[in-house]
Structure formats: C-alpha cells, structure tokens
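Let me begin by presenting the structure, written as structure tokens, before commenting on it.
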Amino acid sequence: MSSVRVRFAPSPTGGLHLGGVRTALYNYLFAKHHGGTFIVRVEDTDQTRFVEGAEQYIFDCLEWCGIEPDESPLHGGEHEPYRQSERKEQGIYLQYAEELVRKGQAYYAFDTPEELEQMRQDHKSAENPSPQYDRQVRLKMKNSLTLSPGEVTRLLQAGTRHVIRVKMPENEEISFHDMIRGEIRNESNLVDDKVLLKADGMPTYHLAVVVDDHLMKITHAFRGEEWLPSAPVHVWLWKHLFGLDKMPQWAHLPLILGPSGKLSKRDGAKYGFPVFAMNWTDPRTQELTEGFKEKGFLPEAFINLLALLGWNAGTEQELFTKTELAEQFSIDRVHSGGAKFDYEKARWFNHEWIKRLDVENYRLKVREIFELNGIAVTDDAYFTKVLELVRERCTLLPDFFGQAGYFYSDPTGFDEASVLPKWDQAKRDYFTQLSQRFSALSSWDTAAIETVFKDLAQELNIKVGELQMIFRVMLVGAKTGPGVFVIAETIGMGKTLKRIANALAVFP
RNA sequence: GCCGCGUUGGUCAAGGGGUUAAGACGCCUCCCUUUCACGGAGGAAUCACGGGUUCGAAUCCCGUACGUGGUACCA
C-alpha cells in the first residue's frame with residue numbers, strides 16, 4: 001500500500017467537542033506514526049447548519065492542540081479544494097451519483113418533504129415507530145423506479161426538485177473489517193435507501209465521504225462509533241463506485257461519555273467542566289461554551305488526557321509528550337467500549353504537566369491571568385522565580401494567581417484563627433525584636449534570615465515551630481505556600497518588615 | 001419497536017483459559033513539613049447476570065439485562 005493518508009472531517013456547525021478533538025488527534029498520531037499525511041476536510045454540505053466562524057474556530061483549536069494538518073483548506077494540498085461545498089461546485093459528486101443511477105444502483109426520487117412525512121405517518125406503528133424509505137416502501141413512492149421513463153425524463157427536464165437515493169440490494173450481507181471491532185456484518189434488507197444527492201445538489205455525507213476518501217486517496221478512515229450503522233451504505237457505495245480493494249480500512253472510535261450518558265456540552269455547564277477545546281460563542285444565541293484552553297489547561301496535558309481516553313500503551317506510562325504518543329500510538333490498542341470522561345483525572349494530567357514543563361512554556365499565559373487580576377508583571381526574572389516556587393501547588397493555570405498573589409501584594413487579611421490561640425506578649429516582643437535584627441542584616445538571603453529567626457527564638461526560649469507558622473501568616477495571610485524563609489527572601493526585606501508591622505497592628 | 005456496538009473497582013484501565021486480577025485518578029490512614037502542595041508508606045475491587053464448553057473461565061460460546069448509537073434531503 002502506498003503511504004498512509006488519513007483525514008479528519010469536521011462539519012463547521014459549532015464548537016469542537018472533546019470527542020472531535022480526540023478523533024482528530026488519533027488521525028494525527030496514526031499519520032505521524034506511519035510517516036503519513038494528515039488531512040482536514042471540511043464537510044460543509046448542510047447549508048442550513050452553516051455557522052459563521054466555526055471553520056476558523058476548528059483550525060484554531062487544532063493549532064492550539066498542536067495537531068497541524070498537512071493538507072486542508074487553509075494549508076492547501078494536492079487534492080484541493082478541501083471544502084465539500086467547493087467540490088460540489090465542480091460537479092464532483094453529481095457525476096458519481098449519476099453513474100450509480102445509470103448502473104441501476106441509485107434512482108431519482110421526486111417525493112416532496114410533505115409526501116415523505118405522509119409516508120412516515122402511514123407506515124408508523126407501535127412495532128415500527130420510525131419507518132424508513134427502503135425496499136418495502138420505495139415502490140409506493142414517486143421515483144424513477146415507479147414512474148415511467150418518459151415521466152422521469154419529463155420531470156427532470158422540467159427541473160422538478162428531486163434527490164438521488166441509493167438502491168440498497170435485497171438479501172445481501174454487507175460486511176467489512178473494522179480495525180478496532182473486527183468483522184462487522186449487516187443485512188442489506190435492514191438498510192434504507194439513503195439520500196445521496198440532495199435537492200439542492202449537495203451530496204449527503206454518505207456520498208461525499210466515499211467520493212472524497214477515494215479522490216483524496218485516504219488509506220485509513222477513522223470516525224466516531226455513531227457512524228457504524230451507516231457503514232454498510234458506505235461499503236456498498238465503495239463496492240460499486242471504486243471497488244472494495246480500494247476502500248480504506250475503517251476504525252470506528254468509541255464514544256466519550258459524560259456523567260450520565262453521552263457527553264454533551266450541557267454536561268459541561270451542568271457539572272462545571274469544559275467540553276469544547278476552546279471557548280466558543282454561538283454567533284446566533286451569543287451563548288458561551290467554556291473551553292479547556294480558557295479554563296487553564298495546557299495543550300500538552302489536553303492531548304495527553306484525550307489520547308488516554310480510549311487508548312493506552314499497554315505499559316504503565318500515562319504521561320506522554322506528543323512525540324511519544326506518535327511513536328507509541330497504535331489503533332489496535334484503542335478500546336472498543338466507550339469511556340466516561342473524568343474531569344478529576346483530567347485535572348491531574350494538567351497538574352502533572354504544570355509540574356514537569358518548564359515555566360517558560362506557559363509563563364505568558366500566567367502573566368495574562370495576573371494582569372487580568374490587576375497585577376502588573378514588570379520583572380520577568382522575579383515572575384519566573386515566583387512561578388517556579390508555587391508550580392507544584394497549581395492544577396490549572398489560574399491557580400497561579402491565588403497561589404502567588406502574595407508575592408506581589410500585601411495580604412489583605414490574616415488567618416487569625418490560626419494565630420490567635422498561640423499569640424501572646426512574648427510573641428509580640430519576639431517579632432518586634434526580629435524586625436530590628438532583620439533590618440540590621442547585611443545580606444538578605446534565606447540562610448541568614450533563618451539563622452536570625454532561630455537564634456532569637458532560642459534566646460527568648462520560644463518554640464520555633466509556632467513562630468514560623470505565625471511568621472507565615474504575617475507574610476502570606478494564610479497557612480500556605482513554600483518555605484517561609486524563602487518567601488521572605490523573595491519578597492525582600494522591605495516588604496517583610498512592612499508585613500510584620502501590618503500584622504502587629506492587627507493582632508491584639 | 002428494529003438494527004448496530006459495547007459491558008474488569010466510583011472513574012480511566014492492564015490482563016485474551018491456570019495470576020495473590022497490574023497501574024493511575026479520586027477517597028481514607030500514616031510519614032515528611034508545626035503551613036499548603038510535592039514526595040513517601042499503607043487501606044478498600046473476583047471481572048453485569050444466567051447458562052454452557054473445559055480438569056480449570058474475567059478470559060471461549062449462547063442467552064438475558066443494562067448502557068450507548070442509528071433509524072433525517074444532519075454530520
């Protein structure tokens with residue numbers, strides 16, 4: 001087989017869901033693993049669902065995730081155009097649909113939406129709540145199977161609105177091999193006559209996916225499990241249009257579930273976690289759906305956690321760089337069962353990535369968060385040092401603000417509940433003297449600070465531990481953060497003395 | 001309703017005829033630190049259920065249940 005070519009085929013109708021990103025990621029990883037090509041093809045054949053900005057948004061998400069396409073409407077490529085609406089303009093789909101009609105494997109159907117609705121009403125029953133347009137009913141409908149050739153020609157020439165439907169065969173078993181699930185079998189009798197070409201001339205997904213996968217020389221086709229039921233249509237189309245030997249290998253990816261059933265963007269709002277890769281505002285309703293990026297996730301963590309949702313290396317490794325993923329990814333280690341998304345675990349992945357990634361990688365993002373919260377970052381070296389000091393305490397990027405704010409501004413309040421039980425005149429005297437000794441210090445560093453602090457405690461015969469805790473509250477406002485002496489050194493002598501004085505003024 | 005797909009601890013999951021059924025997240029206990037976090041050390045799952053096949057099944061087969069998807073001129 002020639003080199004691997006895979007495609008991610010999103011439809012620009014709104015935000016990019018977790019599952020969509022994962023599908024894109026698996027495509028990308030598979031391509032990179034095999035030294036192949038990753039293509040993004042935009043499936044915009046439904047004009048009624050077109051959403052302004054959605055396509056650009058999808059590419060922004062992919063870029064943020066670091067999964068850049070080799071070919072796409074934005075990146076170009078040998079098989080342009082990559083938007084199906086543009087391909088339709090070139091008449092690409094029509095010719096194949098007509099070829100099938102000529103061969104008797106598809107037919108023109110002139111039924112109006114009203115007539116279709118009527119048919120469904122007529123055939124609806126308790127045992128068959130959703131009647132299909134299939135071999136049972138097609139001979140009762142208005143199409144080139146029931147109309148005389150002359151009538152069909154007349155209707156066609158009169159420009160009557162019509163579609164082209166596939167004519168599924170009778171009593172045929174349609175099977176194919178799925179890379180994840182093995183042999184999948186279907187009865188052709190149970191498959192309906194799907195519309196291939198709509199009345200507006202646009203192809204449906206069913207026709208477009210087969211034609212474009214062929215034309216773009218796709219070797220492996222990955223998509224969500226929700227496509228499994230219509231796979232026999234695609235296989236059948238392949239068989240009659242291009243030959244089964246040319247058909248890509250299929251892999252139907254498992255679903256990603258939410259806390260209760262299929263994961264939806266509603267779950268996000270309901271349970272407080274993001275579902276989209278990046279913030280998405282619906283241009284019509286102005287409704288904002290939160291994204292992982294804005295929530296404070298690192299792209300490294302995001303693709304890592306997504307990759308592990310349905311796939312594992314078979315080892316104990318859980319943290320992977322994108323390169324490692326590409327090296328180790330294999331489709332046969334993808335699970336067949338759906339996976340429930342666990343936000344806590346997702347947070348853990350981010351925490352791990354914040355711990356191991358060089359602060360330089362995300363300093364700018366944290367800086368934005370600080371400035372958004374009114375803290376001007378002027379000294380980059382100081383900022384970097386602070387970030388290094390608190391990174392282990394941060395799970396999401398915005399946590400940095402809460403964890404490091406005191407390096408920039410004096411505490412606005414003190415955790416008195418922790419201090420007061422241990423507070424007395426002796427301690428007050430201690431801190432008063434401590435301030436004096438601090439100001440006399442010639443070099444302000446952790447070791448010196450600690451020595452002065454402990455020596456004085458010993459002289460006054462007070463337990464160092466209690467003093468340290470109080471000192472911490474004075475500097476931070478709360479019982480949190482790295483070593484106190486490190487904090488004192490970092491914020492400097494001036495601020496240390498000031499904060500001790502502030503506390504002394506507040507404590508009784 | 002019909003059809004497809006799936007089912008190992010709360011979650012992600014390894015394991016594919018003989019194992020003390022890995023590991024991770026989360027939870028709990030303890031150590032470290034008179035802070036928080038990190039880091040250590042521990043604790044808690046018999047594999048949806050019922051039948052087979054087999055000397056032996058989480059692992060193979062068949063049912064059932066449950067979940068999930070499809071059943072559009074949406075993808």
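Lettering of chains follows the sequences in order, A, B, ..., and the numbering in each one begins at 1.
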Under the 3.5 Å Watson-Crick or G-U criterion, the dot-bracket string of RNA chain B, with | for inter-strand pairs: ((((((((.[[[..)..(....]]].(((((.......)))))....[[[[[..)....]]]]])))))))....

Just compare [options] and give me whichever is closest to any side-chain atom of [X].
X         : options                : result
Met469(A) : C73(B), U34(B), C12(B) : U34(B)
Lys198(A) : C12(B), A37(B), C74(B) : C74(B)
Asn128(A) : G1(B), C36(B), G4(B)   : G1(B)

It should be established whether [X] places a side-chain nitrogen or oxygen under 4.0 Å from OP1 or OP2 of nucleotide [N].
X         : N      : answer
Asn312(A) : A14(B) : yes
Arg165(A) : A72(B) : no
Lys422(A) : U34(B) : no
Arg356(A) : C38(B) : no
His162(A) : C73(B) : no

Hey, would you say the [X] and [Y] ring centroids sit under 6.0 Å apart?
X         : Y         : result
Trp236(A) : Phe176(A) : no
Phe485(A) : Phe453(A) : yes
Phe302(A) : Phe292(A) : yes

Ionic contact status for [Y] with [X], cut-off 4.0 Å:
X         : Y         : answer
Asp267(A) : Lys262(A) : no
Lys454(A) : Glu459(A) : no
Glu352(A) : Arg347(A) : no

NA contact type, [X], heavy-atom cut-off 4.0 Å: base, sugar-phosphate, or nothing?
X         : answer
Thr480(A) : base
Leu197(A) : nothing
Gly314(A) : nothing

Round to a whole Å and report the spacing from CD of Glu392(A) to C1' of C38(B).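 Computing the Glu392(A):CD to C38(B):C1' distance gives 4 Å.
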
For His335(A) and C12(B), what is the distance between atoms NE2 and P respectively, to the nearest whole Å?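 Computing the His335(A):NE2 to C12(B):P distance gives 9 Å.
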
Could you check whether any side-chain heavy atom of Leu434(A) comes within less than 4.5 Å of a side-chain heavy atom of Val452(A), counting everything from C-beta outward?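 Yes, at least one pair of side-chain atoms sits under 4.5 Å.
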
Dump the pairs, protein N or O against N or O of nucleotides 64-71 of chain B, anything under 3.5 Å, distances to one decimal.
| from | atom 1 | to | atom 2 | distance (Å) |
| --- | --- | --- | --- | --- |
| U71(B) | O2' | Gln132(A) | OE1 | 2.9 |

Does the base of C36(B) carry an N or O that pairs as donor and acceptor with the side chain of Arg393(A) under 3.5 Å?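 Result: at least one qualifying N/O pair found.
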
Any residue meeting ring pair (Phe, Tyr, Trp, His ring centres under 6.0 Å) with Trp348(A), in chain and number order, not counting sequence neighbours: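 By the ring pair (Phe, Tyr, Trp, His ring centres under 6.0 Å) rule, Trp348(A) matches no residue at all.
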
Under 4.0 Å protein heavy-atom contact, by nucleotide of nucleotides 21-31 of chain B - B base, S sugar-phosphate only: -SSBB------

Determine which pairs satisfy side-chain hydrogen bond (donor to acceptor under 3.5 Å, both in side chains) with at least one residue from residues 8-21 of chain A, sequence neighbours left out, and list them in order.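 Sorted result for residues 8-21 of chain A: empty, none.
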
May I ask you to list the residues of residues 91-100 of chain A, by number, that have any heavy atom positioned under 4.0 Å from an atom of RNA chain B?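 Result for residues 91-100 of chain A: none.
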
